[in-house]
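The structure under discussion appears below in the form of structure tokens.
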Amino acid sequence: TGVGGGVGQSIVKGLRLASQTTSRKYRIIGCDANPLSAGLYRCDRGFLIPRADSPGFTEKIIQICKGAKADAIIPGSDPEVFVVAKHKNEIEAKTHTRIIVSDFRTVRIGYDKWRTYEFLRSHNILTPETFLGKDVKKALSRPKFPLVVKPRFGSGSKGVFIARDKDELKVGLRRCQFPLIQEYLYPVNWPHKRNSLELLSKQTDEYSIEVLVSKEGTIIGSMANWREMDKGVPMRAIIEDFSELRRDTEGVVRNLNALGPVNLQARITRKGITYFEINVRFSGSTAVRCVAGLNGPDIMLRNVLLGE
């Protein structure tokens, strides 16, 4: 699902790559709510579906799975991950289609950024100090500016605002529905003395780590990439072994009741590896990782459907 977005198209590209380079020939059925989504026309079959927050979404998914005889569903956007996980048992029972998605409680940890913070803190994992929007006084008493204002429920960099003083913080809170206030994470080698908005928005030391968890609950593999960000958008990425980072991230994921992909974002600060985001799904970097040797969509389908 969600084949019009970056995550959905990454999944499609991964499956196409597997079909071209192995003996497995996937029949890809793409779904999206937008008739102009390019991904609909890059799949073997394309279906228009309601938005994930529409009452008819789940029933339409069931109808498509039955009619197209789909073997598996890989949700490709945060709202769809949330709804499909919530109705996973119903969909699988009515269609005999397997869904590659984590337990609903695990999905909520990633979808709700306040729950993300509470989960990380409860397991003594480094994460930036975070406060609910209503706790402005408490937020101002601890971390220094700059502060990050971000939506409690959201994906990507949508609605993220960097505040360098109290006036900018007020602006950010007004703009954001259900805001969180978060400590800004400086990379360990931050060379700048002045905190211009351009410098703060252009983060050059961020890591994205994808971990794959089998249906048996074991970790199948992981891959990390360093990336340079500009206003929340990855501009450049480097994939290396990053073995210490991957081991640490796999340890975090073992605390989750996960199935399939878990994507974490981190920065290395003076305190160490500090995680600030958990997405219980594939990511926009999945296609790059597929080319680099970790084809998550193919690996998970083989695990869930073939028991490999």
Side-chain angles (χ1 to χ4, degrees), residues 78 81 102-103 105-163 169 172-173 176 178-190 200-201 203-211 213 219 222 224-227 229 232 234 242 244-258 261-281 283 285:
D78 283 303
V81 168
S102 292
D103 173 85
R105 287 170 293 183
T106 301
V107 167
R108 288 180 72 187
I109 289 171
Y111 192 73
D112 182 340
K113 307 311 175 187
W114 179 250
R115 288 178 184 267
T116 302
Y117 169 71
E118 290 186 316
F119 163 78
L120 292 169
R121 286 294 296 268
S122 69
H123 288 89
N124 297 314
I125 298 164
L126 286 176
T127 190
E129 284 200 81
T130 303
F131 306 88
L132 295 169
K134 63 183 179 64
D135 295 328
V136 178
K137 289 183 179 179
K138 190 185 294 185
L140 292 175
S141 69
R142 295 187 187 176
K144 297 178 181 179
F145 284 101
L147 295 172
V148 178
V149 179
K150 61 195 292 187
R152 178 173 175 174
F153 310 98
S155 59
S157 59
K158 294 177 184 175
V160 175
F161 185 91
I162 297 174
L169 180 60
L173 291 172
C176 187
F178 307 115
L180 294 179
I181 304 169
Q182 197 166 72
E183 169 191 6
Y184 184 88
L185 294 177
Y186 286 104
V188 67
N189 294 318
W190 181 258
L200 293 170
S201 299
Q203 180 56 260
T204 59
D205 198 8
E206 184 169 303
Y207 296 84
S208 176
I209 313 98
E210 184 171 280
V211 180
V213 183
I219 290 176
S222 64
N225 61 274
W226 171 94
R227 59 189 189 176
M229 308 290 289
F242 297 121
E244 182 181 348
L245 176 60
R246 290 192 298 107
R247 280 196 301 270
D248 193 86
T249 307
E250 288 174 8
V252 175
V253 172
R254 286 190 179 94
N255 293 298
L256 292 165
N257 184 20
V262 183
N263 195 76
L264 293 91
Q265 294 172 27
R267 291 177 184 166
I268 298 178
T269 70
R270 291 180 180 178
K271 295 179 180 179
I273 301 168
T274 307
Y275 299 92
F276 61 93
E277 193 89 14
I278 299 176
N279 294 303
V280 191
R281 55 163 171 75
S283 75
S285 300

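Two residues are said to be in side-chain contact when any heavy atoms from C-beta on lie closer than 4.5 Å; I181 and V136 meet this criterion. Residues W114 and L132 are in side-chain contact: their nearest non-hydrogen atoms beyond the backbone lie under 4.5 Å apart. For the pair F119 and T127, the minimum side-chain heavy-atom distance is 4.5 Å or more.
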Just do the side-chain contact (heavy atoms from CB on, under 4.5 Å) check on D78 and F153 with the steps written out, would you?
CA-CA 10 Å; D78 283 303; F153 310 98; over 6 Å; no
Test side-chain contact (heavy atoms from CB on, under 4.5 Å) on E210 and S283 and set out the steps.
CA-CA 8 Å; E210 184 171 280; S283 75; 4.2 Å; yes
H123/V252 under side-chain contact (heavy atoms from CB on, under 4.5 Å): CA gap, chis, key distance, verdict:
CA-CA 8 Å; H123 288 89; V252 175; over 6 Å; no
Assess whether side-chain contact (heavy atoms from CB on, under 4.5 Å) is satisfied between R227 and Q265, documenting all intermediate values.
CA-CA 10 Å; R227 59 189 189 176; Q265 294 172 27; 3.1 Å; yes
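Between Y186 and Y184, the angle of the ring planes goes over 60°, which puts this pair in the perpendicular group of the 30/60° scheme. Classification of the Y207-F242 ring pair by plane angle, with boundaries at 30° and 60°, yields perpendicular.
T106 places a side-chain N or O within 3.5 Å of a backbone atom of N257 that can act as its donor or acceptor partner. A distance-only check finds no donor-acceptor pair linking the side chain of N279 to the backbone of R281 [under 3.5 Å]. T116 places a side-chain N or O within donor-acceptor distance of the main-chain N or O of I109, the cut-off being under 3.5 Å.
For P128, the side chain to side chain contact (heavy atoms under 4.5 Å, CB included) test picks out Q182, E183, L185, T274, F276, with sequence neighbours left out. A search for side chain to side chain contact (heavy atoms under 4.5 Å, CB included) contacts involving A266 returns I209, I273, Y275, not counting sequence neighbours.
The line from CZ of F131 to CG of L180 is 11.0 Å long, rounded to the nearest 0.5 Å. The distance from the CD atom of E277 to the CG atom of L120 is 10.5 Å, given to the nearest 0.5 Å. Distance OG/S222 to CG/L245: 8.5 Å, rounded to 0.5 Å. Rounded to the nearest 0.5 Å, atoms CD1 (I125) and CG (L264) are 8.5 Å apart. The line from CD1 of I162 to CZ of F145 is 13.0 Å long, rounded to the nearest 0.5 Å. Atom NZ of K150 sits about 15.5 Å away from atom CZ of F161, to the nearest 0.5 Å.
Applying the salt bridge (charged side-chain N to carboxylate O under 4.0 Å, His left out) test to every pair with at least one member in residues 116-137, sequence neighbours left out, gives these pairs: E129-R142.
Between V107 and S102 the shortest heavy-atom distance is CG2-O, 3.7 Å. Between G159 and C176, the closest heavy-atom pair is O-SG, 4.5 Å.
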